[in-house]
Amino acid sequence: MIQYIKVDSRSRTETIDITAEVRALVRKSRVRDGVCQVFTFHTTAGITINEGADPDVQRDIICFLNKLVPVSYPFSHGEGNSDAHVKSTLVGVSQTIFIEEGDILLGTWQAIYFCEFDGPRSNRKVAVKIIPGNR
Amino acid sequence: MIQYIKVDSRSRTETIDITAEVRALVRKSRVRDGVCQVFTFHTTAGITINEGADPDVQRDIICFLNKLVPVSYPFSHGEGNSDAHVKSTLVGVSQTIFIEEGDILLGTWQAIYFCEFDGPRSNRKVAVKIIPGNR
Amino acid sequence: MIQYIKVDSRSRTETIDITAEVRALVRKSRVRDGVCQVFTFHTTAGITINEGADPDVQRDIICFLNKLVPVSYPFSHGEGNSDAHVKSTLVGVSQTIFIEEGDILLGTWQAIYFCEFDGPRSNRKVAVKIIPGNR
């Protein structure tokens, strides 16, 4: 079964911490052991796992991606968001997280982020699927 | 069980839509729910999920990757394809796709692409493995 | 169940081949078919699958990533390792590997690498989880 997290973005490019929402879905599932797949259905967004302690890290990641793949680059695609598609392919649209003892297992500093590359937008959807491991 | 999709590329760098082939394997498996892992065994290729509607998006992704990682960069590796190895690591060699009600589940604009970074080549292999979810 | 591989890095940035360690864990598990998830809990590291034959390829990947995301870039985060966080998001912290006939299945030239982006460090941890496929 797939469950959904709705995300609203406020800037053209930003990362939004969805760790608490993913954790809540995993705990509610009562699955003790397995993996949790977090996937976005959008082609101008991504999912990443990175430091959640110092907000400067997220700012640095977004600022650097904007410098690496400039929105102003002369792309062919008419919608003016080709940089967002490139960023989505570089970051990826999905992450796999371990489930241990009924909870997600991340490193001390790790958090799960929805990456908005073509915002601001309402109702961005992140799909979460829990796959039991032991049987 | 693993099944294979064969891909022939016509350019040095291009993306090739393999969504229909992946979908056909999932439907044939009769697995109603789970995930489908798409993986390439090549080190100068990748798998990505991105927009399938406007071909300009794929052109923009490939052109930008070629600008970001130039084939002409002074690499050490003698085969002249180090840019392809770097692109493979940036894009990734595998993607996980949800299976719901016996079919793959993608966003409205999403398609699955084999990324050729060192073509043209015949018989590039993409492996597909279906992992049932519910039991 | 999750098992761990410990990695010690000797440089600030390097890739370390962990294929033999992952293979040993899969063989020991006696799981014949499934997938093996390799995940690092660090936010300044990554996991990639790329060529293991010619060491120049790994050197080229690391050198190019250091040129693409320079440590000297004017980042906000005070620890001086924002480049490592960006590299981690670009490469990714996890890879999924097929298990067939009780062994990992990789391409002829593929090897699994822990990517150190903020070393040298002792006791970097890589988590390996085996998810049986057939049931």
Side-chain angles (χ1 to χ4, degrees), chain B residues 1-4 29 31 34-48 64-65 67-97 99 117-118 123-135, chain C residues 15 19 31-38 46-69 86-101 103-115 117 130-135:
Chain B
M1 183 191 58
I2 289 182
Q3 298 172 88
Y4 293 94
S29 75
V31 169
V35 294
C36 166
Q37 194 73 28
V38 179
F39 188 101
T40 177
F41 290 119
H42 305 290
T43 59
T44 55
I47 306 288
T48 193
F64 193 85
L65 285 175
K67 175 246 178 193
L68 195 67
V69 191
V71 61
S72 60
Y73 187 78
F75 290 108
S76 311
H77 180 51
E79 293 177 22
N81 62 356
S82 285
D83 66 300
H85 290 292
V86 172
K87 286 163 181 154
S88 176
T89 279
L90 291 176
V91 170
V93 295
S94 182
Q95 295 289 338
T96 306
I97 297 120
I99 300 173
F117 296 130
D118 191 30
N123 294 324
R124 289 295 229 177
K125 271 165 70 182
V126 176
V128 178
K129 189 178 182 89
I130 292 160
I131 299 132
N134 293 342
R135 38 215 62 136
Chain C
T15 61
T19 314
V31 170
R32 301 292 300 161
D33 177 280
V35 294
C36 166
Q37 194 74 27
V38 179
I47 305 289
T48 192
I49 295 171
N50 212 306
E51 179 174 326
D54 177 358
D56 277 345
V57 172
Q58 293 305 310
R59 269 190 291 272
D60 283 342
I61 290 170
I62 282 294
C63 291
F64 193 85
L65 285 175
N66 290 338
K67 176 245 177 194
L68 195 67
V69 191
V86 173
K87 286 163 181 153
S88 177
T89 279
L90 290 176
V91 170
V93 295
S94 182
Q95 294 288 338
T96 307
I97 296 120
F98 292 151
I99 300 173
E100 289 288 302
E101 300 174 8
D103 204 349
I104 56 173
L105 186 66
L106 292 170
T108 315
W109 309 111
Q110 285 179 323
I112 308 162
Y113 291 93
F114 173 81
C115 305
F117 297 130
I130 291 160
I131 299 133
N134 294 342
R135 39 216 59 140

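All values below come from the heavy atoms of this structure, side chains included, with hydrogens, waters and symmetry mates left out. Residue numbers begin at 1 in each chain, while the letters A, B, ... track the order of the sequences.
Only the side chain of C:Asp54 comes within contact range of chain B, judged by heavy atoms closer than 4.5 Å. Using a 4.5 Å cut-off between heavy atoms, C:Lys87 does not touch chain B at all. When heavy atoms are compared at a cutoff of 4.5 Å, C:Gln110 approaches chain B by way of both its backbone and its side chain. For B:Val91, no part sits under 4.5 Å from any heavy atom of chain C, backbone or side chain. For a residue to count as touching a neighbouring chain, one of its non-hydrogen atoms must lie under 4.5 Å from one of that chain's; by this rule C:Gln95 touches chain B with the side chain only. Only the backbone of C:Ile99 comes within contact range of chain B, with at least one heavy atom under 4.5 Å from a heavy atom of that chain. Both the backbone and the side chain of B:His85 come within contact range of chain C, each with at least one heavy atom under 4.5 Å from a heavy atom of that chain.
Ranking C:Lys67, C:Gln58, C:Arg59 against chain B, the residue ahead of the rest is C:Lys67, based on heavy-atom pairs under 4.5 Å. Ranked by non-hydrogen atom pairs under 4.5 Å with chain B, the options C:Leu65, C:Leu105, C:Leu68, C:Val35 are led by C:Leu105.
In terms of heavy-atom proximity, C:Leu106 sits nearest to C:Ala111 at CD1-CA, 4.4 Å. Listed here is the closest heavy atom pair of B:Val71 and B:Gly80: CG2-O, 3.8 Å.
In the model, B:Ser94 has no side-chain atom that pairs as donor or acceptor with a side-chain atom of C:Thr96 under 3.5 Å.
Scored by the side-chain hydrogen bond (donor to acceptor under 3.5 Å, both in side chains) test, B:Thr44 finds B:Arg124 as partners (sequence neighbours excluded). C:Phe64 is linked by a ring-ring contact (aromatic ring centres under 6.0 Å, His included) to B:Tyr73, B:Phe75, counting only residues two or more places apart in sequence or in another chain.
When atom types are taken as modelled, the side chain of C:Tyr113 and the backbone of C:Glu51 share a donor-acceptor pair closer than 3.5 angstrom.
Under the side chain to side chain contact (heavy atoms under 4.5 Å, CB included) rule, C:Asn50 has a single partner from C:Thr15, C:Ile112, C:Val57, which is C:Val57.
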